[in-house]
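We count ligands from 1, going down the list as the structure has it; atoms in each ligand are counted the same way. FYI, side chains are in, hydrogens and waters are out, and symmetry mates aren't considered; it's all heavy atoms of this structure.
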Amino acid sequence: MSAMSPVRLQATEAADQPTVTPALERLYRGFEEELLVPLWTEIGDLMPVNPRSRAVPHRWEWGSLLRLAEQAGEIVPVGRGGERRAIALANPSLGGRPFATPTLWAAIQYLMPGEDAPEHRHTQHAFRFVVEGSGVWTVVGGDPVPMNRGDFLPQAGWNWHAHHNATEQPMAWIDGLDIPLQYLTEAQFFEPGRDELSHAERTTPERSRSERLWGHPGLRPLGAPAPSPGSPLLSYKWEFTDRALTDQLALEEQGYGGTVEPGHAAVRYANPHDGSDVLPTIRAELHRVVRGAETAPVRETGSSVYQVFDGSGVVTVGDHSWSVTRGDLFVVPSWEPLSVRSEAGATDSDSGALDLFRFSDAPVFAALHLHRTQKDS
Ligand code: 1HN
């Protein structure tokens with residue numbers, strides 16, 4: 001019966017719609033009963049001229065996130081079932097789901113001194129990025145990987161992983177995953193792991209085995225099998241990222257170019273095996289904008305989440321503009337123009353540049369031949 005049908009068709013007097021007559025109304029009730037929807041009422045929504053995102057631009061302040069994560073640390077235990085003390089960003093227009101964008105999950109995770117986050121694996125591709133603190137290590141496939149400020153740790157789907165805080169201090173970091181995308185695929189799997197890590201896995205090495213094998217610039221180990229999917233390098237240390245950005249800007253200063261645009265250096269985290277993105281569904285980059293510089297507005301298909309790693313400035317995404325400072329996160333929905341200005345903030349004591357960590361779903365869009373960028377200026 002049409003009263004029960006989820007299909008609702010409204011005959012309207014718009015110029016591109018058929019004339020509203022009793023016969024048209026009867027036709028539409030017939031469509032509803034048979035669960036049919038004609039293209040002519042839907043085409044504008046189904047096939048927009050330009051991308052339209054269901055997500056909206058939004059910013060979260062790190063201070064508020066951290067305060068609430070600290071409270072969760074006091075109140076909420078971490079263990080089997082919940083698995084992680086992770087608190088996700090919910091885009092205001094995505095129905096209250098823990099989705100930062102239609103494809104990306106972003107969360108603050110918090111681990112108290114001595115705590116373990118239990119071992120498990122899942123098909124979702126993930127990474128960690130550390131904006132402050134140190135002393136947690138993550139064990140990925142039996143390889144303990146230390147986590148320190150500025151480090152980026154990709155972890156491709158179906159790898160066993162657990163985290164441990166070996167210090168006397170709580171530690172927070174951000175997790176990015178492709179959970180909303182995989183939710184849409186209806187192809188996810190999850191498996192709990194061992195209840196205890198081995199003694200060897202509970203040591204804190206300076207460098208993981210993966211870094212010793214894969215972490216040498218431009219050098220591929222010949223004896224190592226080509227791992228798949230995702231990067232075999234489990235940590236991209238801040239020291240190298242920082243030096244790459246510093247060198248780019250110095251080269252530009254000396255007239256050799258190398259930056260994205262004047263005053264804007266950027267690097268992409270790449271798989272050392274073949275130079276591809278670090279994860280099948282997630283691209284990650286670090287951008288540095290020198291103080292006083294402003295980036296040209298750019299649109300891109302697919303969505304991104306940014307975290308301010310250092311410095312302060314003003315970010316403009318479509319009609320939204322926010323002041324941002326260390327740790328703040330913001331989302332850039334598909335095809336919304338983004339520009340960034342680096343400015344001294346009230347509480348800054350840094351050297352002056354605005355450092356932005358960014359992750360996006362670009363590899364998915366590239367694989368589907370849907371990836372486009374456009375400079376608006
Ligand atoms: C997960 O395994 C982690 O390993 C973080 O740190 C966030 C969100 C949903 C499902 C699994 C982690 C997660 C997650």
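- For Ser304 and Arg283, the side-chain atoms include no donor-acceptor pair closer than 3.5 Å.
- Considering only non-hydrogen protein atoms, atom 2 (O) of ligand 1 sits nearest to His120 NE2, 2.6 Å.
- Residue contacts with ligand 1 leave out Phe190, since none of its heavy atoms falls under 4.0 Å from the ligand.
- Side-chain contact check for Asn91 and Thr101: no donor-acceptor pair (N or O, by modelled atom type) lies under 3.5 Å.
- Listed by atom number, the atoms of ligand 1 under 4.0 Å from His163 heavy atoms are 4 (O), 6 (O), 12 (C).
- Of the residues listed (Gln124, Arg128, Arg121), the one engaging Gln155 in a side-chain hydrogen bond (donor to acceptor under 3.5 Å, both in side chains) is Arg128, and it is the only one.
- Atom 12 (C) of ligand 1 has its closest protein heavy atom at Arg84 NE, 2.9 Å.
- Neither the backbone nor the side chain of Glu83 has a heavy atom within less than 4.0 Å of ligand 1.
- Close approach of ligand 1 to Gln109 is summarised as follows: ligand atoms under 4.0 Å from at least one heavy atom of the residue are 5 (C), 6 (O), 12 (C).
- A cation-pi arrangement, defined by a distance under 6.0 Å to the six-membered ring centre and an angle within 45 degrees of its axis, is present between Arg149 and Phe309.
- Contacts between Ile179 and ligand 1, counted as non-hydrogen atom pairs separated by less than 4.0 Å, involve the side chain only.
- Contacts between Gln155 and ligand 1 below 4.0 angstrom, taking non-hydrogen atoms only, are absent altogether.
- For the residue pair His264/Thr259, the side-chain donor-acceptor check at 3.5 Å is not satisfied.
- Looking only at heavy atoms of the protein, atom 8 (C) of ligand 1 is closest to Trp105 CZ2, 3.4 Å.
- Looking at atom 11 (C) of ligand 1, its nearest protein heavy atom turns out to be His122 NE2, 3.7 Å.
- Nearest protein heavy-atom neighbour of atom 7 (C) of ligand 1: Leu177 CD1, 3.7 Å.
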- Chi angles and distances behind the ring-ring contact (aromatic ring centres under 6.0 Å, His included) call for Phe357, Phe127: CA-CA 12 Å; Phe357 170 76; Phe127 72 80; 5.5 Å; yes

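- At a threshold of 4.0 Å, the pair Arg29-Glu33 does not count as salt-bridged, since none of the basic side-chain nitrogens sits closer than that to a carboxylate oxygen.
- A donor and an acceptor atom, one from each side chain of Glu201 and Ser198, are located under 3.5 Å apart.
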